[in-house]
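Down below is the structure, laid out as C-alpha coordinates.
Whatever order the structure lists ligands and atoms in, that order sets their numbers, starting from 1.
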Amino acid sequence: NSVLTLQDAVVLLVYTEYFDNRPLLVAQSNKRCAVIGGSGFLGRHLVEKLLDRGYSVSVFDIRQSYELPGVTFHQGDLCDKQALLPALKDVSLVFHCASPAPGSDNRALFESVNIQGTRIVIQACIEAGVQKLVLTSSASVVFEGTDIKNGREDLPYAKKPIDYYTQTKIEQEKLVLEACDKEKGFLTVAIRPHGIFGPRDPQLVPILVDTARRGKMKFIIGDGTNLVDFTFVENVVHGHILAAERLRPDSPICGKPYHITNDEPVRFWDFMSEVLVGLGYAAPRYHLPYALVYGLALLLWLLALILRPLVSFKPTFTPMRVALAGTHHYYSCERAKQDMGYKPVVSLKEGIARTVQSYPHLKQGA
Ligand SMILES: NC(=O)C1=CN([C@@H]2O[C@H](COP(=O)(O)OP(=O)(O)OC[C@H]3O[C@@H](n4cnc5c(N)ncnc54)[C@H](OP(=O)(O)O)[C@@H]3O)[C@@H](O)[C@H]2O)C=CC1
Ligand SMILES: CC(C)=CCC[C@@H](C)[C@H]1CC[C@H]2C3=C(CC[C@]12C)[C@@]1(C)CCC(=O)C[C@@H]1CC3
(Lines give C-alpha, C1' and ligand atoms only; values in the text may rest on other atoms or scores of the structure.)
(Ligands and ions follow the chains in the order given, each with its own letter.)
Protein backbone atom coordinates (compact mmCIF):
# COMPACT_ATOMS: atom_id res chain seq x y z
CA ASN A 1 0.00 0.00 0.00
CA SER A 2 1.63 3.22 -1.16
CA VAL A 3 -0.31 5.67 0.99
CA LEU A 4 1.68 7.17 3.84
CA THR A 5 -0.07 7.37 7.19
CA LEU A 6 0.32 10.57 9.19
CA GLN A 7 2.51 8.64 11.60
CA ASP A 8 4.81 7.46 8.77
CA ALA A 9 5.08 11.02 7.58
CA VAL A 10 6.01 12.31 11.02
CA VAL A 11 8.50 9.54 11.69
CA LEU A 12 10.15 9.67 8.31
CA LEU A 13 10.05 13.43 7.55
CA VAL A 14 11.06 12.43 4.07
CA TYR A 15 12.60 14.87 1.66
CA THR A 16 13.84 14.30 -1.83
CA GLU A 17 17.29 15.00 -3.23
CA TYR A 18 18.47 14.46 -6.77
CA PHE A 19 21.71 12.62 -7.40
CA ASP A 20 22.66 11.40 -10.85
CA ASN A 21 19.15 12.47 -11.97
CA ARG A 22 17.75 9.77 -9.73
CA PRO A 23 15.34 10.84 -7.01
CA LEU A 24 16.74 9.70 -3.70
CA LEU A 25 14.72 9.41 -0.53
CA VAL A 26 16.46 10.47 2.62
CA ALA A 27 14.80 9.81 5.94
CA GLN A 28 15.52 12.73 8.28
CA SER A 29 14.84 10.49 11.30
CA ASN A 30 17.66 8.21 10.14
CA LYS A 31 20.37 10.84 10.12
CA ARG A 32 23.37 8.53 10.32
CA CYS A 33 26.90 9.73 9.74
CA ALA A 34 30.46 8.58 10.39
CA VAL A 35 33.35 10.48 11.95
CA ILE A 36 36.78 9.11 11.08
CA GLY A 37 39.11 10.34 13.81
CA GLY A 38 36.09 10.73 16.14
CA SER A 39 38.14 9.90 19.26
CA GLY A 40 40.43 12.90 18.74
CA PHE A 41 40.10 16.47 19.99
CA LEU A 42 38.09 17.96 17.12
CA GLY A 43 36.42 14.63 16.28
CA ARG A 44 34.88 14.23 19.71
CA HIS A 45 33.53 17.80 19.80
CA LEU A 46 32.05 17.16 16.35
CA VAL A 47 30.45 13.90 17.50
CA GLU A 48 28.89 15.63 20.53
CA LYS A 49 27.37 18.39 18.37
CA LEU A 50 26.10 15.87 15.79
CA LEU A 51 24.34 13.94 18.57
CA ASP A 52 22.77 17.21 19.80
CA ARG A 53 21.48 17.76 16.28
CA GLY A 54 19.79 14.37 16.16
CA TYR A 55 22.36 12.38 14.17
CA SER A 56 23.44 8.92 15.17
CA VAL A 57 27.17 8.55 14.75
CA SER A 58 29.54 5.80 13.78
CA VAL A 59 33.06 6.61 15.00
CA PHE A 60 36.11 5.06 13.34
CA ASP A 61 39.44 5.65 15.07
CA ILE A 62 42.66 3.87 15.88
CA ARG A 63 41.74 4.24 19.57
CA GLN A 64 38.52 4.52 21.59
CA SER A 65 38.69 7.35 24.11
CA TYR A 66 35.09 7.57 25.42
CA GLU A 67 31.60 6.04 25.28
CA LEU A 68 28.39 7.91 24.49
CA PRO A 69 24.80 6.84 23.83
CA GLY A 70 24.05 7.15 20.11
CA VAL A 71 27.66 6.41 19.13
CA THR A 72 28.92 3.12 17.71
CA PHE A 73 32.68 2.68 17.88
CA HIS A 74 34.78 0.91 15.27
CA GLN A 75 38.43 0.63 16.20
CA GLY A 76 41.01 0.29 13.43
CA ASP A 77 43.53 1.88 11.11
CA LEU A 78 41.97 3.88 8.25
CA CYS A 79 44.63 2.44 5.95
CA ASP A 80 42.78 -0.88 6.26
CA LYS A 81 39.73 -0.72 3.98
CA GLN A 82 38.21 -3.94 5.34
CA ALA A 83 38.31 -2.51 8.87
CA LEU A 84 36.82 0.79 7.70
CA LEU A 85 33.91 -0.52 5.60
CA PRO A 86 31.67 -1.72 8.49
CA ALA A 87 31.84 1.79 10.02
CA LEU A 88 30.39 3.24 6.79
CA LYS A 89 27.47 0.86 6.50
CA ASP A 90 24.13 2.72 6.03
CA VAL A 91 25.94 6.04 6.32
CA SER A 92 25.39 8.83 3.78
CA LEU A 93 27.69 11.46 5.29
CA VAL A 94 31.33 11.01 6.38
CA PHE A 95 33.62 13.46 8.20
CA HIS A 96 37.32 12.63 7.87
CA CYS A 97 39.27 14.32 10.66
CA ALA A 98 41.94 11.73 11.45
CA SER A 99 45.63 12.53 11.10
CA PRO A 100 48.85 11.75 12.96
CA ALA A 101 49.71 14.63 15.33
CA PRO A 102 51.64 17.46 13.59
CA GLY A 103 54.33 17.21 16.28
CA SER A 104 55.41 13.78 15.06
CA ASP A 105 58.24 14.04 12.57
CA ASN A 106 57.52 10.65 11.03
CA ARG A 107 57.44 11.10 7.25
CA ALA A 108 56.42 7.51 6.49
CA LEU A 109 53.49 7.69 8.94
CA PHE A 110 52.21 11.00 7.50
CA GLU A 111 52.46 9.64 3.96
CA SER A 112 50.73 6.39 4.77
CA VAL A 113 47.87 7.86 6.85
CA ASN A 114 47.26 11.25 5.18
CA ILE A 115 47.88 10.26 1.57
CA GLN A 116 47.47 6.51 1.12
CA GLY A 117 44.90 6.32 3.93
CA THR A 118 42.82 9.13 2.40
CA ARG A 119 42.77 7.29 -0.94
CA ILE A 120 41.39 4.31 0.98
CA VAL A 121 38.80 6.49 2.76
CA ILE A 122 37.58 7.76 -0.65
CA GLN A 123 37.43 4.24 -2.14
CA ALA A 124 35.62 2.90 0.94
CA CYS A 125 33.10 5.79 0.85
CA ILE A 126 32.32 5.12 -2.83
CA GLU A 127 32.04 1.36 -2.25
CA ALA A 128 29.75 1.85 0.75
CA GLY A 129 27.47 4.25 -1.18
CA VAL A 130 28.37 7.31 0.92
CA GLN A 131 27.18 10.52 -0.76
CA LYS A 132 29.04 13.26 1.09
CA LEU A 133 32.61 13.47 2.39
CA VAL A 134 33.75 16.43 4.50
CA LEU A 135 37.52 16.60 5.02
CA THR A 136 39.25 18.46 7.83
CA SER A 137 42.12 20.00 5.96
CA SER A 138 44.22 22.88 7.33
CA ALA A 139 44.82 26.54 6.46
CA SER A 140 48.52 25.64 6.71
CA VAL A 141 48.37 24.04 3.25
CA VAL A 142 49.28 27.48 1.84
CA PHE A 143 51.79 28.41 4.56
CA GLU A 144 55.50 28.44 3.63
CA GLY A 145 56.86 30.13 6.73
CA THR A 146 56.38 33.70 5.47
CA ASP A 147 53.62 36.24 6.22
CA ILE A 148 50.04 35.55 5.11
CA LYS A 149 47.64 38.45 5.74
CA ASN A 150 43.94 37.84 5.19
CA GLY A 151 44.80 34.89 2.88
CA ARG A 152 41.97 33.70 0.64
CA GLU A 153 41.37 30.18 -0.62
CA ASP A 154 42.78 31.03 -4.06
CA LEU A 155 46.33 31.28 -2.66
CA PRO A 156 48.43 28.50 -4.26
CA TYR A 157 49.37 25.45 -2.19
CA ALA A 158 52.77 25.83 -0.50
CA LYS A 159 55.47 24.98 -3.06
CA LYS A 160 57.98 24.30 -0.32
CA PRO A 161 55.87 22.94 2.57
CA ILE A 162 57.64 23.54 5.85
CA ASP A 163 57.15 20.03 7.27
CA TYR A 164 55.84 16.55 6.35
CA TYR A 165 52.52 17.23 8.06
CA THR A 166 51.83 20.22 5.77
CA GLN A 167 53.15 18.40 2.70
CA THR A 168 50.79 15.47 3.23
CA LYS A 169 47.81 17.66 4.20
CA ILE A 170 48.19 19.32 0.76
CA GLU A 171 48.11 15.97 -1.05
CA GLN A 172 45.19 14.84 1.11
CA GLU A 173 43.12 17.92 0.30
CA LYS A 174 43.81 17.59 -3.44
CA LEU A 175 42.71 13.92 -3.38
CA VAL A 176 39.43 14.68 -1.61
CA LEU A 177 38.51 17.71 -3.73
CA GLU A 178 39.38 15.94 -6.98
CA ALA A 179 37.14 13.01 -5.97
CA CYS A 180 34.04 15.26 -6.04
CA ASP A 181 31.82 13.89 -8.80
CA LYS A 182 28.27 15.22 -9.15
CA GLU A 183 27.47 12.71 -11.92
CA LYS A 184 28.26 9.81 -9.63
CA GLY A 185 26.55 11.41 -6.65
CA PHE A 186 29.73 11.66 -4.55
CA LEU A 187 30.17 15.18 -3.17
CA THR A 188 33.20 16.47 -1.28
CA VAL A 189 34.31 19.64 0.47
CA ALA A 190 37.37 20.58 2.57
CA ILE A 191 37.32 22.69 5.73
CA ARG A 192 40.57 24.50 6.49
CA PRO A 193 40.67 25.50 10.19
CA HIS A 194 43.59 27.30 11.79
CA GLY A 195 44.96 27.09 15.34
CA ILE A 196 42.13 25.09 16.90
CA PHE A 197 41.88 25.47 20.67
CA GLY A 198 39.37 24.59 23.37
CA PRO A 199 38.66 22.13 26.17
CA ARG A 200 40.47 18.75 25.83
CA ASP A 201 42.93 20.05 23.23
CA PRO A 202 46.02 17.85 23.59
CA GLN A 203 48.34 20.31 21.85
CA LEU A 204 48.13 24.04 22.21
CA VAL A 205 47.59 24.54 25.96
CA PRO A 206 49.58 21.46 27.08
CA ILE A 207 52.60 22.44 24.92
CA LEU A 208 52.38 26.01 26.14
CA VAL A 209 52.19 25.00 29.81
CA ASP A 210 54.95 22.43 29.44
CA THR A 211 57.19 25.09 27.87
CA ALA A 212 56.31 27.51 30.69
CA ARG A 213 56.98 24.90 33.39
CA ARG A 214 60.41 24.29 31.88
CA GLY A 215 61.13 28.01 32.18
CA LYS A 216 61.26 28.52 28.40
CA MET A 217 58.28 30.87 28.01
CA LYS A 218 60.22 34.03 28.85
CA PHE A 219 60.90 35.09 25.27
CA ILE A 220 58.89 36.68 22.49
CA ILE A 221 60.14 35.73 19.04
CA GLY A 222 60.39 38.88 16.90
CA ASP A 223 58.67 42.15 17.82
CA GLY A 224 55.51 40.42 19.04
CA THR A 225 53.11 42.23 16.71
CA ASN A 226 52.41 39.34 14.30
CA LEU A 227 48.71 38.59 13.85
CA VAL A 228 47.43 35.02 13.79
CA ASP A 229 44.10 33.19 13.65
CA PHE A 230 43.14 30.95 16.56
CA THR A 231 39.82 29.15 16.23
CA PHE A 232 37.66 27.94 19.08
CA VAL A 233 36.80 24.29 18.51
CA GLU A 234 33.02 24.88 18.50
CA ASN A 235 33.40 27.27 15.57
CA VAL A 236 35.32 24.63 13.65
CA VAL A 237 32.56 22.11 14.39
CA HIS A 238 29.94 24.64 13.26
CA GLY A 239 31.80 25.11 9.95
CA HIS A 240 31.92 21.35 9.37
CA ILE A 241 28.21 20.85 10.01
CA LEU A 242 27.21 23.82 7.84
CA ALA A 243 29.35 22.43 5.02
CA ALA A 244 27.84 18.96 5.38
CA GLU A 245 24.28 20.23 5.41
CA ARG A 246 24.86 22.61 2.46
CA LEU A 247 26.66 20.01 0.36
CA ARG A 248 24.24 19.34 -2.49
CA PRO A 249 24.77 18.91 -6.23
CA ASP A 250 23.47 22.42 -6.92
CA SER A 251 25.54 24.11 -4.21
CA PRO A 252 28.66 26.22 -4.94
CA ILE A 253 30.59 24.45 -2.18
CA CYS A 254 31.12 21.13 -4.02
CA GLY A 255 34.80 20.32 -4.50
CA LYS A 256 36.02 23.51 -2.81
CA PRO A 257 38.15 24.38 0.25
CA TYR A 258 36.87 26.78 2.96
CA HIS A 259 38.78 28.68 5.63
CA ILE A 260 37.07 28.45 8.99
CA THR A 261 38.48 30.68 11.72
CA ASN A 262 37.27 32.86 14.59
CA ASP A 263 37.50 35.77 12.15
CA GLU A 264 39.28 37.78 14.85
CA PRO A 265 43.04 37.79 14.08
CA VAL A 266 45.00 38.40 17.28
CA ARG A 267 48.66 38.97 18.12
CA PHE A 268 50.18 35.50 18.57
CA TRP A 269 51.97 36.62 21.75
CA ASP A 270 48.87 38.33 23.23
CA PHE A 271 46.91 35.10 22.79
CA MET A 272 49.68 33.03 24.40
CA SER A 273 50.03 35.56 27.23
CA GLU A 274 46.28 35.58 27.95
CA VAL A 275 46.20 31.79 28.24
CA LEU A 276 49.38 31.71 30.35
CA VAL A 277 48.23 34.45 32.71
CA GLY A 278 44.78 32.82 32.98
CA LEU A 279 46.52 29.67 34.18
CA GLY A 280 48.74 31.56 36.63
CA TYR A 281 52.02 31.71 34.65
CA ALA A 282 54.00 34.80 33.73
CA ALA A 283 53.63 36.23 30.23
CA PRO A 284 56.80 36.24 28.06
CA ARG A 285 58.64 39.58 28.15
CA TYR A 286 62.06 39.50 26.48
CA HIS A 287 62.44 39.75 22.70
CA LEU A 288 64.65 37.53 20.55
CA PRO A 289 65.35 38.18 16.85
CA TYR A 290 63.20 35.98 14.62
CA ALA A 291 66.02 35.08 12.17
CA LEU A 292 68.27 33.92 15.00
CA VAL A 293 65.65 31.62 16.58
CA TYR A 294 64.56 30.26 13.18
CA GLY A 295 68.20 29.51 12.27
CA LEU A 296 68.75 27.71 15.57
CA ALA A 297 65.55 25.69 15.14
CA LEU A 298 66.67 24.65 11.65
CA LEU A 299 70.06 23.61 13.01
CA LEU A 300 68.45 21.58 15.83
CA TRP A 301 66.08 19.88 13.37
CA LEU A 302 69.02 18.90 11.12
CA LEU A 303 70.98 17.65 14.11
CA ALA A 304 68.01 15.55 15.27
CA LEU A 305 67.76 14.10 11.73
CA ILE A 306 71.47 13.24 11.51
CA LEU A 307 71.65 11.78 15.02
CA ARG A 308 68.37 9.85 14.72
CA PRO A 309 70.08 6.43 14.28
CA LEU A 310 72.04 7.03 17.52
CA VAL A 311 69.85 9.14 19.83
CA SER A 312 66.27 10.28 19.57
CA PHE A 313 65.31 13.76 20.78
CA LYS A 314 62.35 16.00 19.92
CA PRO A 315 63.23 19.72 19.95
CA THR A 316 60.51 22.06 21.32
CA PHE A 317 61.57 24.73 18.85
CA THR A 318 60.97 23.24 15.39
CA PRO A 319 61.25 25.50 12.31
CA MET A 320 57.48 25.17 11.80
CA ARG A 321 56.70 26.23 15.37
CA VAL A 322 59.08 29.19 15.24
CA ALA A 323 57.53 30.28 11.92
CA LEU A 324 54.04 29.96 13.41
CA ALA A 325 55.10 32.00 16.44
CA GLY A 326 56.93 34.76 14.56
CA THR A 327 55.02 35.51 11.33
CA HIS A 328 51.59 36.83 10.37
CA HIS A 329 49.21 34.06 9.33
CA TYR A 330 45.56 34.92 9.25
CA TYR A 331 42.94 34.03 6.70
CA SER A 332 39.78 35.44 5.21
CA CYS A 333 36.63 33.38 5.80
CA GLU A 334 34.58 35.51 3.40
CA ARG A 335 33.96 32.52 1.11
CA ALA A 336 32.49 30.47 3.98
CA LYS A 337 30.31 33.43 4.98
CA GLN A 338 29.03 33.88 1.42
CA ASP A 339 28.53 30.24 0.41
CA MET A 340 27.46 28.67 3.70
CA GLY A 341 26.32 31.55 5.87
CA TYR A 342 29.20 30.88 8.28
CA LYS A 343 29.59 33.13 11.32
CA PRO A 344 31.62 32.17 14.42
CA VAL A 345 29.34 31.11 17.28
CA VAL A 346 31.82 31.69 20.13
CA SER A 347 34.01 34.83 20.39
CA LEU A 348 37.75 34.60 21.00
CA LYS A 349 37.36 36.14 24.47
CA GLU A 350 34.75 33.60 25.54
CA GLY A 351 36.67 30.76 23.89
CA ILE A 352 39.82 31.62 25.84
CA ALA A 353 37.89 31.90 29.12
CA ARG A 354 36.20 28.51 28.59
CA THR A 355 39.50 26.92 27.60
CA VAL A 356 41.41 28.24 30.62
CA GLN A 357 38.61 27.08 32.93
CA SER A 358 38.73 23.58 31.47
CA TYR A 359 42.37 22.97 32.46
CA PRO A 360 42.37 23.22 36.31
CA HIS A 361 45.08 20.53 36.44
CA LEU A 362 47.44 22.65 34.31
CA LYS A 363 47.21 25.71 36.59
CA GLN A 364 50.41 26.97 38.21
CA GLY A 365 50.88 25.07 41.45
CA ALA A 366 48.21 22.41 40.70
N1 LIG B 1 44.44 21.00 16.02
C2 LIG B 1 44.62 21.99 15.14
O3 LIG B 1 45.00 23.12 15.49
C4 LIG B 1 44.33 21.76 13.70
C5 LIG B 1 43.95 20.52 13.24
N6 LIG B 1 43.67 20.33 11.91
C7 LIG B 1 43.23 19.03 11.41
O8 LIG B 1 42.11 18.64 12.18
C9 LIG B 1 42.03 17.22 12.26
C10 LIG B 1 41.80 16.82 13.70
O11 LIG B 1 42.86 17.32 14.48
P12 LIG B 1 42.89 17.11 16.05
O13 LIG B 1 41.56 16.78 16.55
O14 LIG B 1 43.65 18.26 16.60
O15 LIG B 1 43.84 15.84 16.15
P16 LIG B 1 43.78 14.58 17.14
O17 LIG B 1 45.13 13.95 17.09
O18 LIG B 1 43.25 14.96 18.47
O19 LIG B 1 42.71 13.63 16.44
C20 LIG B 1 42.99 12.79 15.36
C21 LIG B 1 42.46 11.40 15.65
O22 LIG B 1 42.75 10.55 14.54
C23 LIG B 1 43.30 9.33 15.04
N24 LIG B 1 44.13 8.67 14.03
C25 LIG B 1 45.41 8.94 13.70
N26 LIG B 1 45.83 8.07 12.77
C27 LIG B 1 44.80 7.24 12.50
C28 LIG B 1 44.64 6.11 11.64
N29 LIG B 1 45.64 5.67 10.89
N30 LIG B 1 43.45 5.49 11.62
C31 LIG B 1 42.44 5.92 12.41
N32 LIG B 1 42.53 6.95 13.25
C33 LIG B 1 43.70 7.62 13.30
C34 LIG B 1 44.12 9.81 16.22
O35 LIG B 1 44.52 8.75 17.06
P36 LIG B 1 45.93 8.93 17.87
O37 LIG B 1 45.74 10.10 18.77
O38 LIG B 1 46.09 7.63 18.56
O39 LIG B 1 46.97 9.19 16.81
C40 LIG B 1 43.14 10.76 16.88
O41 LIG B 1 42.21 10.09 17.67
C42 LIG B 1 43.32 16.69 11.64
O43 LIG B 1 43.07 16.28 10.34
C44 LIG B 1 44.23 17.91 11.63
O45 LIG B 1 45.14 17.85 10.56
C46 LIG B 1 43.74 21.37 11.02
C47 LIG B 1 44.11 22.60 11.43
C48 LIG B 1 44.44 22.90 12.79
C1 LIG C 1 48.05 29.35 15.15
C2 LIG C 1 48.42 27.94 15.12
C3 LIG C 1 48.47 27.27 13.81
C4 LIG C 1 48.64 27.28 16.26
C5 LIG C 1 48.87 25.79 16.26
C6 LIG C 1 49.24 25.22 17.58
C7 LIG C 1 50.74 25.05 17.81
C8 LIG C 1 51.52 25.01 16.54
C9 LIG C 1 51.20 26.15 18.77
C10 LIG C 1 50.55 25.91 20.11
C11 LIG C 1 51.55 26.29 21.20
C12 LIG C 1 52.59 27.02 20.42
C13 LIG C 1 53.90 27.30 21.01
C14 LIG C 1 54.98 27.52 20.22
C15 LIG C 1 54.89 27.33 18.74
C16 LIG C 1 53.51 27.08 18.19
C17 LIG C 1 52.69 26.25 19.12
C18 LIG C 1 53.29 24.86 19.33
C19 LIG C 1 56.32 27.82 20.80
C20 LIG C 1 57.12 26.54 20.83
C21 LIG C 1 57.04 28.86 19.93
C22 LIG C 1 58.36 29.22 20.51
C23 LIG C 1 58.29 29.58 21.95
O24 LIG C 1 58.85 30.54 22.40
C25 LIG C 1 57.50 28.69 22.81
C26 LIG C 1 56.15 28.42 22.19
C27 LIG C 1 55.31 27.50 23.02
C28 LIG C 1 53.95 27.43 22.48
Side-chain angles (χ1 to χ4, degrees), residues 34-49 58-66 73-84 87-88 94-104 106 108-121 124 133-143 161 163-173 175-176 190-208 228-237 239-240 243 257-262 268 271 320-321 324 329-331 333 351 355:
V35 180
I36 304 174
S39 283
F41 164 50
L42 171 65
R44 181 170 171 187
H45 280 276
L46 180 58
V47 169
E48 288 169 353
K49 182 53 87 184
S58 161
V59 165
F60 184 87
D61 201 295
I62 208 151
R63 62 189 167 94
Q64 176 171 358
S65 60
Y66 59 95
F73 273 94
H74 299 263
Q75 205 169 338
D77 186 335
L78 61 82
C79 298
D80 175 357
K81 191 164 78 180
Q82 293 317 315
L84 184 54
L88 308 186
V94 171
F95 296 91
H96 174 14
C97 53
S99 166
S104 129
N106 187 337
L109 181 70
F110 281 127
E111 285 180 352
S112 103
V113 178
N114 286 351
I115 305 180
Q116 196 45 33
T118 298
R119 282 199 186 101
I120 287 163
V121 168
L133 173 62
V134 180
L135 171 73
T136 315
S137 178
S138 167
S140 298
V141 294
V142 296
F143 184 63
D163 58 11
Y164 303 132
Y165 169 76
T166 313
Q167 189 183 326
T168 57
K169 290 297 283 184
I170 294 174
E171 295 311 316
Q172 177 190 54
E173 186 185 279
L175 285 170
V176 168
I191 298 301
R192 291 179 176 175
H194 196 53
I196 311 177
F197 72 102
R200 299 193 300 251
D201 159 42
Q203 271 202 81
L204 199 150
V205 176
I207 294 176
L208 189 59
V228 170
D229 275 321
F230 288 96
T231 315
F232 189 62
V233 63
E234 287 181 21
N235 294 325
V236 180
V237 165
H240 279 71
Y258 285 88
H259 292 152
I260 290 292
T261 72
N262 246 76
F268 179 91
F271 180 91
M320 179 58 152
R321 285 182 179 180
L324 286 171
H329 41 102
Y330 60 95
Y331 300 84
C333 34
T355 304

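Taking the side chain as every heavy atom from C-beta outward, P199 and T355 approach each other to under 4.5 Å. Looking at D201 and I196, their side chains never come closer than 4.5 Å, going by heavy atoms from C-beta outward. Residues E173 and P257 have side chains in contact (heavy-atom distance under 4.5 Å, counting atoms from C-beta outward). Side-chain atoms of T166 and F143, non-hydrogen and from C-beta on, never get closer than 4.5 Å to each other. Residues R321 and I207 form a side-chain contact, since some pair of their non-hydrogen atoms from C-beta on lies under 4.5 Å apart.
We find that E48 and R44 are joined by a salt bridge, their nearest charged nitrogen and carboxylate oxygen being less than 4.0 Å apart.
Using a 4.0 Å cutoff on heavy atoms, G117 does not count as a contact of ligand 1. Not close to ligand 1: S65, with no non-hydrogen atom less than 4.0 angstrom away. Residue contacts with ligand 1: F197 is excluded, as none of its non-hydrogen atoms falls under 4.0 Å.
Annotation for ligand 1: atoms under 4.0 Å from non-hydrogen atoms of Y165 are 6 (N), 7 (C), 44 (C), 45 (O), 46 (C). Atoms of ligand 1 found under 4.0 Å from any heavy atom of G76, numbered from 1 in the order shown, are 30 (N), 31 (C). Atoms of ligand 1 found under 4.0 Å from any heavy atom of L42 (numbered from 1 in listed order, with element): 13 (O). Residue-ligand proximity, Q203 to ligand 1, at heavy-atom distances under 4.0 Å covers atoms 1 (N). When each atom of ligand 1 is checked for a heavy atom of D77 under 4.0 Å away, the hits are 28 (C), 29 (N), 30 (N).
For atom 33 (C) of ligand 1, the choice among G38, A98, C79 with the nearest heavy atom turns out to be A98. Relative to atom 20 (C) of ligand 1, the option among P100, G43, C97, P193 with the closest non-hydrogen atom is C97.
Of all the heavy atoms of K169, the ones lying under 4.0 Å from any atom of ligand 1 belong exclusively to the side chain. Only the backbone of S137 comes within 4.0 Å of ligand 1, counting heavy atoms alone; no side-chain atom from C-beta on gets that close. Contacts of A101 with ligand 1, taken as heavy-atom pairs under 4.0 Å, are absent altogether.
With hydrogens and angles disregarded, a donor-acceptor distance shorter than 3.5 Å links the side chain of S65 to the backbone of S39.
Nearest heavy atom pair, residue V134 against residue H240, reads CG1-CD2, 4.0 Å.
By the 3.5 Å distance cut-off applied to N or O atoms, P202 is not counted among the residues near ligand 1. Residue-to-ligand polar distances keep V113 apart from ligand 1: every N/O pair is separated by 3.5 Å or more. Between R63 and ligand 1, at least one N/O pair is under 3.5 Å apart. Inclusion of D61 in the set of residues having an N or O under 3.5 Å from an N or O of ligand 1 is warranted. Of the polar atoms of F60, none of the N or O atoms is found under 3.5 Å from an N or O of ligand 1, judged by distance alone.
With a 6.0 Å cutoff to the six-membered ring centre and a 45° limit on the axis angle, R192 does not count as a cation-pi contact of Y331.
Classification of the F197-F271 ring pair by plane angle, with boundaries at 30° and 60°, yields perpendicular.
Residues satisfying the side-chain contact (heavy atoms from CB on, under 4.5 Å) criterion with I115, sequence neighbours excluded, are E111, R119, T168, E171, L175.
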